[in-house]
Protein chains: 2
Amino acid sequence: MTRVLIVDDEPQLLRALRINLAARHYEVALADDGGSALRQAAQFHPDVVVLDLGLPDIDGVEVVHGLRGWTSVPIIVLSGRAGSQDKIDALDAGADDYVTKPFDIEELLARIRAVTRRASPHETQPVQIRIGERTVDLAAKTVSGGVRLTPTEWRLLELLLRHPGRLISQRQMLTEVWGAGYAKETHYLRQYMAQLRRKLEPDPARPVHLITEPGMGYRFAP
Amino acid sequence: MTRVLIVDDEPQLLRALRINLAARHYEVALADDGGSALRQAAQFHPDVVVLDLGLPDIDGVEVVHGLRGWTSVPIIVLSGRAGSQDKIDALDAGADDYVTKPFDIEELLARIRAVTRRASPHETQPVQIRIGERTVDLAAKTVSGGVRLTPTEWRLLELLLRHPGRLISQRQMLTEVWGAGYAKETHYLRQYMAQLRRKLEPDPARPVHLITEPGMGYRFAP
DNA sequence: CGACAGCGTAGGGAAACCGTCAAGATGCGA
DNA sequence: TCGCATCTTGACGGTTTCCCTACGCTGTCG
């Protein structure tokens with residue numbers, strides 16, 4: 001079932017879309033500002049995000065940036081502003097499509113079908129990754145052996161696992177998992193990397209998959 | 001280089017797009033009806049197709065179907081008809097995006113960037129460089145053969161590798177790696193160049209890739 | 001032949017960094 | 001309101017990395 005996150009500050013629109021999408025057997029989550037949108041995206045893991053640019057707290061383009069920091073979920077932008085520059089900014093920030101209000105609900109549905117159709121083969125690619133004796137499923141958010149991870153642990157692990165073999169800088173990890181204001185709190189990294197190792201590594205004291213690169217960052221070695 | 005196939009029956013539009021895209025270093029192919037569009041797509045293998053729905057011979061939606069029969073190349077549909085049903089039909093036929101004429105050329109370019117960005121996540125080209133028997137990946141910060149480098153070693157090596165064959169002055173290396181106050185500490189250079197050679201050169205005593213230019217600086221010879 | 005300048009190598013102390021244990025603070029559901 | 005899971009914060013010992021000093025080598029030039 002396709003999961004849709006709708007972000008808009010008009011209750012009417014939210015309601016209309018929720019009803020229409022639910023009637024077509026989409027699973028729907030709602031958010032009415034940028035902050036809750038980012039939180040919802042992390043928890044709900046939608047297959048597509050419908051995002052209004054005119055939000056009360058954060059600029060919509062910033063929300064796109066925030067999402068693109070850690071996910072490639074398709075984003076369809078809504079906006080009342082018909083100006084072309086808005087479209088260009090949103091698309092270049094990483095949005096996949098742009099619809100100007102007022103729009104026909106059928107057209108939005110068609111665009112949702114279009115972006116999810118393109119993204120769906122991506123979904124079938126292996127999201128199961130082995131770490132030692134454990135198997136991690138990023139899509140289902142499960143780890144074999146009855147291991148459970150907290151939300152923060154998931155975000156951190158996902159960031160590493162999505163770039164196998166690549167060095168992820170401390171700065172990148174901190175800003176993408178905790179936020180832009182935490183770029184220097186390397187303490188958190190040590191704390192949570194230790195927890196991940198305890199839960200995933202065969203011998204947590206001698207990690208072979210979650211590798212430290214002193215002074216630079218961490219790396220997931222498959 | 002991204003390859004774009006433009007299908008439209010208006011010579012003016014074809015010309016305008018061709019010029020704009022060529023100026024931005026796209027490779028462009030043109031077609032003015034559905035038949036040649038399908039032929040061109042087969043021969044030219046574009047990375048994205050810009051397709052006008054109002055063609056003289058075949059209905060645009062049929063062209064979409066024809067393309068989707070064998071390729072998943074992103075398709076951006078153009079149309080003068082603003083009616084929503086057109087959009088829905090085209091999107092459901094397999095198009096990826098829809099732009100209504102008249103459109104801002106910048107907007108179309110942004111949409112081209114959006115669909116190509118999505119279609120080719122492989123564009124994150126691995127910057128791999130060979131040094132003797134070792135392979136260095138600057139993006140992933142890895143060296144083949146289990147070799148590990150420290151942060152300072154990486155900074156120094158990156159500076160050299162980003163300018164293959166070029167002489168890098170001691171002054172430049174010192175200021176870029178250690179800071180403006182270290183411009184005369186040539187000592188550090190010898191120290192770290194020796195370490196890099198030990199880790200990367202087949203015979204550290206006889207360097208063939210990390211070359212000393214006495215009195216001047218160092219050079220990376222590919 | 002000797003002085004000198006530039007380069008390569010080795011090793012030790014200091015500082016920065018990392019892993020770990022432990023405890024306080026916070027938020028959420030019962 | 002309480003209890004639990006999670007997130008923050010603090011403290012300490014071990015390790016890596018960096019900075020710095022010392023010394024041998026080579027080629028040039030007087």
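In this text the structure is predicted, and so the values were computed from the model without any measurement. Residue numbering restarts at 1 for every chain, and letters A, B, ... go by the order of the sequence lines.
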Self-check item: Side chain of A/A194 - closest among C/dT20, D/dT17, D/dT6
Solution: C/dT20
Exercise. Please check the phosphate of C/dT9 (OP1 and OP2 only) for any side-chain N or O of B/R190 closer than 4.0 Å.
Key: no
Quiz item: Does a nitrogen or oxygen in the side chain of A/Q170 sit under 4.0 Å from OP1 or OP2 of C/dC18?
Solution: yes
Quiz item: Does the side chain of B/T212 get closer than 4.0 angstrom to OP1 or OP2 of C/dG8 through an N or O atom?
Solution: yes
Quiz item: Does OP1 or OP2 of D/dC7 have a side-chain N or O of A/W178 closer than 4.0 Å?
Solution: no
Quiz item: On DNA chain D, nearest-nucleotide positions of B/H187 versus B/Q195: which is more 5'?
Solution: B/Q195
Practice problem: To the nearest Å, give me how far apart CE (A/M216) and P (D/dT16) are. | Solution: 14 Å
Exercise. Flag the pair B/R166 / B/R219 as yes when at least one side-chain heavy-atom distance between them is below 4.5 Å, and no otherwise.
Key: no
Practice problem: Please state whether the phosphate of C/dG19, meaning OP1 or OP2, lies under 4.0 angstrom from any side-chain nitrogen or oxygen of A/Y218. | Solution: yes
Self-check item: Check: B/Y192 ring centre within less than 6.0 Å of B/W154 ring centre
Solution: no
Quiz prompt | Candidates D/dC7, C/dG8, D/dT6 - which lies nearest the side chain of A/T152 | solution = D/dC7
Quiz item: Do B/Q172 and B/L159 come within less than 4.5 Å of each other through their side chains, counting heavy atoms only?
Solution: yes
Practice problem: Write down the distance between CG (B/L210) and P (C/dT9), rounded to a whole number of angstrom. | Solution: 12 Å
Exercise. Provide, to the nearest angstrom, the distance between the CG atom belonging to A/L156 and the P atom belonging to D/dT8.
Key: 12 Å
Quiz item: How long is the line joining CE of A/M173 and P of C/dC17, in whole Å?
Solution: 16 Å
Quiz prompt | Integer-rounded Å distance: D/dC19 C1' and B/L189 CG | solution = 14 Å
Quiz item: Salt bridge check: are A/D97 and B/R111 linked by an N-O gap of less than 4.0 Å?
Solution: yes
Quiz item: Looking at A/T150, does any N or O in its side chain come under 4.0 Å of the phosphate oxygens OP1/OP2 on D/dC7?
Solution: yes
Quiz item: Within this structure, what is the CZ-to-P distance between B/R148 and C/dC18, rounded to whole angstrom?
Solution: 11 Å
Self-check item: Test log, rule salt bridge (Lys or Arg N to Asp or Glu O under 4.0 Å), inputs A/E158 and A/K141
Solution: CA-CA 10 Å; A/E158 230 180 296; A/K141 291 272 177 294; 3.0 Å; yes
Practice problem: For B/T186 and for B/R198, locate the closest nucleotide of DNA chain C by heavy-atom distance; then report the residue assigned to the nucleotide nearer the 5' terminus. | Solution: B/T186
Practice problem: Starting at atom OH of B/Y182, determine the distance to atom P of D/dC18, rounded to an integer number of angstrom. | Solution: 13 Å
Practice problem: Check whether any side-chain nitrogen or oxygen of A/Y192 sits under 4.0 Å from OP1 or OP2 of D/dT6, and answer yes or no. | Solution: no
Quiz item: NA contact type, A/Q191, heavy-atom cut-off 4.0 Å: base, sugar-phosphate, or nothing?
Solution: base
Exercise. Round to the nearest Å and state the distance from A/L196 atom CG to D/dC7 atom P.
Key: 11 Å
